[in-house]
Engineer: 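Have a look at this one.
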Amino acid sequence: MTDTTQQFASDNYAGICPEAWAAMAEANQGHQRAYGEDSWTARAADHFRRLFETDCEVFFAFNGTAANSLALASLCQSYHSVICGDTAHVETDECGAPEFFSNGSKLLLARTEQGKLTPEAIREVALKRQDIHFPKPRVVSLTQATEVGTVYRPAELQAISQTCRELGLHLHMDGARFANACESLGCSPAELTWKAGVDVLCFGGTKNGMAVGEAILFFDRKLAEDFDYRCKQAGQLASKMRYLSAPWVGVLQDDAWLRHAGNANGCARRLAELVADVPGVELMFPVEANGVFLQLSEPAIEALRARGWRFYTFIGAGGARFMCSWDTELERVEELARDIRQVMGA
């Protein structure tokens, strides 16, 4: 029998939120034009423009790897390079897709502080070499929220974008958990993107209640030239595009995207609070979005797994990541906290 118990390994484990499901069902009535010429895709794009308070170009892709890789490829020539954090998803978890779709643009890794790039780190990498034998830096890619659950404040983004302008670099944002960052900071999407100097955002839907689908937003329309051709060539132009775009209408029209992010963030904060006094448990990073990173003993990690809990340990010895989702229930959070307390002997 399939185990459908709520887990904390990934927010990808969660199902589809009711708003996205209802929109897909509504879009499934009758016939619509294909390849993005349908009314749902137009409605979704208009929702994004209202939400971000600007006339941005909007495209839809099946997943985050494609969204990030095609967006970066649109900003680079093959002899260019992309500066990103040493823990960035484009570096560690996309199987070389950014290099593949850009025909070879190299990723240059910069040091991070609690998962975040800094102007100093960007400048260090960008100015390290400027000779013709080295791939020319062209883009900075940052992740919001970061791979360790921290978030960039508007002032931090503005400082980074100012550095990018000084160095002639574009600024790309991997927003797989962008909704969580907005909710955490209480900032508008515009404040965390184009108003802070971001050129291109990949807005994640899959981790916030959608089945599939990421949106790529170009705040500078000139940078989007021929991007539709890139999507087609990469196999990302859905023939029945309405099934990628309609769920966005469902989650955007009544701010469900923000409410769902709020539930995930709130559950993460609650988990951190419940284990804060457990001897031997150490919070590895601030809880600023929907992820909780805990330092546990190796026997405790094995004991938790023996009790049926699923979570990731890719962050070093004794490090465990617990990720909350749009549908995570507080009762399940409390159950996990009790088990953590017991296996740590508290």
Side-chain angles (χ1 to χ4, degrees), residues 19-20 23-24 26-27 32-75 101 139 141 144 170-179 181-182 187-258 260-261:
E19 297 85 357
M24 289 185 72
E26 188 178 348
Q32 285 272 353
R33 296 176 68 180
Y35 299 107
E37 297 296 324
D38 60 280
S39 61
W40 286 95
T41 299
R43 286 173 61 188
D46 286 340
H47 273 296
F48 277 114
R49 293 176 185 123
R50 285 191 292 271
L51 181 65
F52 283 84
E53 308 168 50
T54 189
D55 186 26
C56 52
E57 284 274 23
V58 183
F59 301 88
F60 300 97
F62 289 102
N63 56 42
T65 294
N68 285 329
S69 301
L70 294 175
L72 291 172
S74 72
L75 302 175
F101 283 107
V139 182
S141 178
Q144 178 78 310
H170 293 302
L171 183 55
H172 161 263
M173 178 179 283
D174 173 357
R177 297 184 177 94
F178 181 74
C182 288
C187 292
S188 72
E191 290 173 312
L192 292 183
T193 54
W194 65 270
K195 288 186 177 180
V198 174
D199 295 309
V200 184
L201 166 70
C202 296
F203 192 151
T206 309
K207 290 179 171 62
N208 196 32
M210 289 171 53
V212 293
E214 315 291 296
I216 305 102
L217 280 61
F218 287 84
F219 302 110
D220 182 346
R221 282 176 165 264
K222 295 189 295 295
L223 297 176
E225 183 178 358
D226 290 340
F227 192 76
D228 49 349
Y229 285 87
R230 287 188 183 276
C231 290
K232 173 62 179 177
Q233 188 181 62
Q236 293 295 315
L237 178 63
S239 55
K240 296 184 179 181
M241 183 68 79
R242 65 189 184 276
Y243 296 109
L244 288 187
S245 56
W248 281 110
V249 176
V251 300
L252 293 179
Q253 62 187 355
D254 294 316
D255 288 337
W257 68 279
L258 198 58
H260 292 324

Engineer: Less than 4.5 Å apart, side chain to side chain, heavy atoms only: is that true for Phe101 and Arg230?
Structural biologist: no
Engineer: Going by heavy atoms in the side chains, are Asp228 and Leu237 under 4.5 Å from each other?
Structural biologist: no
Engineer: To the nearest 0.5 Å, what is the distance between CD (Glu57) and CZ (Arg49)?
Structural biologist: 6.5 Å
Engineer: Specify the closest pair of heavy atoms between Ala246 and Ala27, including all atoms of both residues, with the distance to one decimal.
Structural biologist: CB-CB, 3.7 Å
Engineer: What's the separation between atom CH2 in Trp40 and atom CE in Met24, rounded to the nearest 0.5 Å?
Structural biologist: 11.0 Å
Engineer: I'd like to know if the side chain of Gln253 reaches the main chain of His47, judged simply by a donor and an acceptor atom lying under 3.5 Å from each other, with no hydrogens or angles considered.
Structural biologist: no
Engineer: What heavy-atom pair brings Ala20 and Pro247 nearest, and what distance separates the two atoms?
Structural biologist: CB-CB, 3.8 Å
Engineer: Would you say Asp199's side chain and Leu171's backbone share a donor-acceptor pair under 3.5 angstrom?
Structural biologist: yes
Engineer: Return the SG to CZ distance between Cys182 and Arg177, rounded to the nearest 0.5 Å.
Structural biologist: 14.5 Å
Engineer: Let me confirm one number: the CH2-CZ distance from Trp248 to Phe48, rounded to the nearest 0.5 Å.
Structural biologist: 4.0 Å
Engineer: With Cys56 as reference, evaluate Asp220, Thr193, Val200, Leu217 under the side chain to side chain contact (heavy atoms under 4.5 Å, CB included) test and give the passing residue.
Structural biologist: Leu217
Engineer: Anything under 3.5 Å between a donor and an acceptor, one on a side chain of residues 201-211, the other on a protein residue two or more places apart or in another chain? List them.
Structural biologist:
residue : atom : partner : partner atom : Å
Thr206  : OG1  : Glu214  : OE2          : 2.6
Asn208  : OD1  : Ala261  : N            : 3.4
Asn208  : ND2  : Trp257  : O            : 2.9

Engineer: Please report the closest heavy-atom contact between Met241 and Gly36, naming both atoms and the distance.
Structural biologist: CB-N, 3.3 Å
Engineer: Considering all heavy atoms of both residues, which atom of Thr54 and which atom of Trp194 are nearest to each other, and what is their separation?
Structural biologist: CG2-NE1, 3.5 Å
Engineer: Ignoring hydrogens and geometry, is there a side-chain-to-backbone donor-acceptor pair from Arg242 to Asp38 under 3.5 Å?
Structural biologist: no
Engineer: So do Gln32 and Thr41 actually touch side chain to side chain, heavy atoms under 4.5 Å?
Structural biologist: no
Engineer: Can you name the nearest heavy-atom pair linking Val58 to Phe60, along with the distance?
Structural biologist: CG1-CZ, 3.8 Å
Engineer: Are side-chain heavy atoms of Leu252 and Leu51 found at a separation under 4.5 Å?
Structural biologist: yes
Engineer: Taking C-beta and beyond as the side chain, do Ser74 and Ile216 meet within less than 4.5 Å on heavy atoms?
Structural biologist: no
Engineer: Can you confirm whether more than 12 heavy atoms, excluding those of Glu53, are under 6.0 Å from its CD atom?
Structural biologist: yes
Engineer: Within the distance-only criterion (no hydrogens, no angle test), does the side chain of Arg43 pair as donor or acceptor with the backbone N or O of Val249 below 3.5 angstrom?
Structural biologist: no
Engineer: With side chains defined as the heavy atoms from C-beta onward, is the minimum distance between Ser141 and Asn68 less than 4.5 Å?
Structural biologist: no
Engineer: Treating Gln236 as the side-chain partner and Phe62 as the backbone partner, does any N or O pair qualify as donor plus acceptor under 3.5 Å?
Structural biologist: yes
Engineer: Is there a side-chain contact between Pro189 and Phe178 (heavy atoms, below 4.5 Å)?
Structural biologist: yes
Engineer: Do you know which two heavy atoms are closest between Met173 and Leu192, and how far apart they sit?
Structural biologist: CE-O, 3.3 Å
